[in-house]
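This report concerns only the one structure given below.
Here the structure is a predicted model, which is why all the values come from computation and not from measurement. Throughout, a chain's letter reflects where its sequence line sits, starting with A, and its residues are numbered from 1.
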Amino acid sequence: MRKYIIDAKNMEEKELNRSIKEHAVNYDKLIIKNPQSNHNIAAGLTESVEIEIDGSAGYFVGTMVDGPKIHVKQNAGWFAGDNMTCGELIIEGGTGDGAGQGIYGGTVVVKGDTGSRTGEIMKGGTVIIGGNSGYMTGLLMMGGRLIVLGNVTDDAGESIMRGTIYVLGEVKSLGKHAQMEQTTLEDQKELKRILTKYGFEITDVDYTNFKKITNNSKQELMW
Amino acid sequence: MCGIAGIIYKDKKTHKVGKSLTSMLESLQHRGPDSAGFAIYGGLNLPENNYQLNIEIKDNSEALNQVKTTLTEISSIFQEELIKSDEKYNVYRCEISLNNYSMLKPLIRNLDELDDVQVLNGSHSFEMIKDIGKVKDIAKRYNVTKRTGTHGIGHTRFATESGIDRYHAHPYQSYIRPDITVVHNGQITNYWKIRDPLERKGHIFETLNDTECIVHYIADKLNQGYKLEEVLEEAVKDLDGPFSILVGTPDGIGIAKDKLGLRPGVMAENDDIFAIASEEMSLQDVLDTDHVEQIAPGETRSYTL
């Protein structure tokens with residue numbers, strides 16, 4: 001595996017992203033040292049490269065990516081993985097608001113807690129939150145699946161249209177147009193497959209305790 | 001956008017708060033390029049009844065003479081310094097003595113009536129530094145990194161509601177109660193609903209800026225006997241719109257976020273420091289931790305010495 005180290009200390013945001021894009025073409029793995037919570041790291045990257053961010057990232061890490069596997073070793077700011085279409089974003093710590101906002105595909109994994117509006121307007125793909133998720137989790141979801149292993153606070157699934165939110169912990173309250181039901185055996189099998197893949201170890205009993213939040217409308221949506 | 005930052009040292013001793021806040025605000029520079037400011041508490045050590053004034057004066061010796069004449073009518077001038085801010089304006093900093101705190105606001109209003117003069121603030125237990133431009137330049141101009149204290153708050157401004165000048169740079173101060181400051185990221189949408197009852201109580205507003213409204217609201221609540229934490233909780237209930245507000249008092253700092261959590265705020269602490277900022281990158285300048293807490297919608301956090 002060909003690796004390349006980029007030291008982001010004192011690098012401007014654009015300079016860092018230019019370097020990432022240049023080296024992503026010729027290397028299999030890029031290691032970003034001293035990321036200093038810079039914003040927009042790896043924005044718009046379309047190479048199938050591994051990127052290790054050795055620290056915390058700022059807002060919009062991995063925004064609009066199509067293909068790379070990004071691993072953030074600490075935290076990330078708001079809108080991690082925003083609008084990604086394909087690839088993987090794994091964050092070892094927590095994130096701010098809007099993790100997985102608007103994704104079309106790929107997987108966003110946050111091992112710690114997240115802020116508000118996790119997975120808002122997501123259209124596809126998978127978002128996994130290892131800890132708790134805040135206010136209006138899954139706001140205006142249009143597709144995909146959002147899995148929360150901890151608790152979610154008020155108005156979960158607010159105005160959800162399509163897609164599914166799975167919650168293992170407590171759901172403080174549901175938002176408008178959201179309903180909560182028990183998971184099926186098929187759901188549980190799929191949850192086990194995806195969570196095992198990303199290293200989450202929970203018991204078989206826990207899998208039966210997941211709740212499933214979906215749109216409560218009996219009518220077909222107009223679009 | 002605007003960036004906010006605050007830090008408090010838990011041992012109650014003085015530290016290089018100016019240096020810490022400068023680093024924190026430099027990391028938030030991208031959130032606001034127009035102006036920046038600091039309120040650094042606990043380092044002034046003024047005698048009781050003494051106050052530090054910061055006065056913007058057009059580069060014009062007559063205006064400065066008039067300021068000094070007005071001041072010496074009621075007090076000796078103990079220390080003074082003229083800091084060049086830009087080609088047209090200086091900031092005149094001086095220390096005066098008043099018989100009681102209630103004389104401070106009328107004095108400021110008298111000074112404000114002079115041509116080419118605008119009082120930026122008057123304080124006893126904190127040092128206000130605010131100006132137009134980038135954090136780095138302002139810090140250099142006012143030697144901020146050498147300023148010590150127990151705690152402080154700071155701001156980088158992206159102007160959205162009022163002019164770009166020294167007075168409208170944050171922090172804002174209220175004179176309803178001594179030494180209360182606020183920095184703010186957001187907009188208050190029920191501004192008049194908050195302002196009207198405060199004006200009916202006789203509180204004086206100098207601008208139409210919502211941050212001025214917030215600082216008077218906070219000071220008024222503190223005057224009613226609420227503790228800082230309680231005031232912040234009241235602010236979440238009473239203020240509408242997207243906001244993260246950071247309050248400085250002579251013995252603490254605290255943040256309140258709006259009910260929908262539309263403006264950012266993070267915090268981290270260790271045995272020595274409690275710090276708040278708009279973004280994690282700002283906290284990393286003063287704390288070596290990966291345990292950064294997101295402040296939730298409607299949540300408040302504070303630390304009092």
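Interface remark: of the candidates A:G96, A:G115, A:G134, A:G96 forms the most heavy-atom pairs closer than 4.5 Å to chain B. Annotation: maximal heavy-atom pairing with chain B below 4.5 Å, among A:G58, A:S56, A:G93, A:G55, occurs at A:S56. For chain A, the option among B:V266, B:L260, B:V292 with the highest count of heavy-atom pairs below 4.5 Å is B:L260. Annotation: maximal heavy-atom pairing with chain B below 4.5 Å, among A:N38, A:D155, A:T114, A:T95, occurs at A:T95.
At a threshold of 4.5 Å between non-hydrogen side-chain atoms, the residues A:R117 and B:L262 count as touching. Contact annotation: the side chain of B:E279 never approaches that of A:S37 to less than 4.5 Å [non-hydrogen atoms, C-beta and beyond]. Side chains of B:M281 and A:Y59 form no contact here, defined as non-hydrogen atoms less than 4.5 Å apart.
Expressed to the nearest 0.5 Å, how far CD of B:Q294 lies from CG of A:D113 amounts to 9.5 Å.
A donor and an acceptor atom, one from each side chain of B:H30 and A:E13, are nowhere located under 3.5 Å apart.
Heavy atoms from other residues, nucleotides or ligands lying under 6.0 Å from CD of A:E170 number 12 at most. Residue-environment remark: CZ (A:F200) exceeds the threshold of 12 foreign heavy atoms within 6.0 Å. Within 6.0 Å of OH in A:Y104 there are 12 or fewer heavy atoms belonging to other residues, nucleotides or ligands. Taking a 6.0 Å sphere around NZ of B:K16, one finds it holds 12 or fewer heavy atoms contributed by other residues, nucleotides or ligands. By the 6.0 Å contact criterion, NZ on A:K69 is open, its count of non-hydrogen atoms from other residues, nucleotides or ligands being 12 or less. Residue B:K10 places its NZ atom among more than 12 non-hydrogen atoms of other residues, nucleotides or ligands, all under 6.0 Å distant. Few gaps surround NZ on A:K211; more than 12 heavy atoms of other groups in view lie less than 6.0 Å from it. Crowding of A:K123 atom NZ: a count of heavy atoms from other residues, nucleotides or ligands under 6.0 Å exceeding 12.
In this structure, the portion of B:Q284 lying under 4.5 Å from any heavy atom of chain A is its side chain and not its backbone. Contact of A:T153 with chain B is not made at all, since no heavy-atom distance falls under 4.5 Å.
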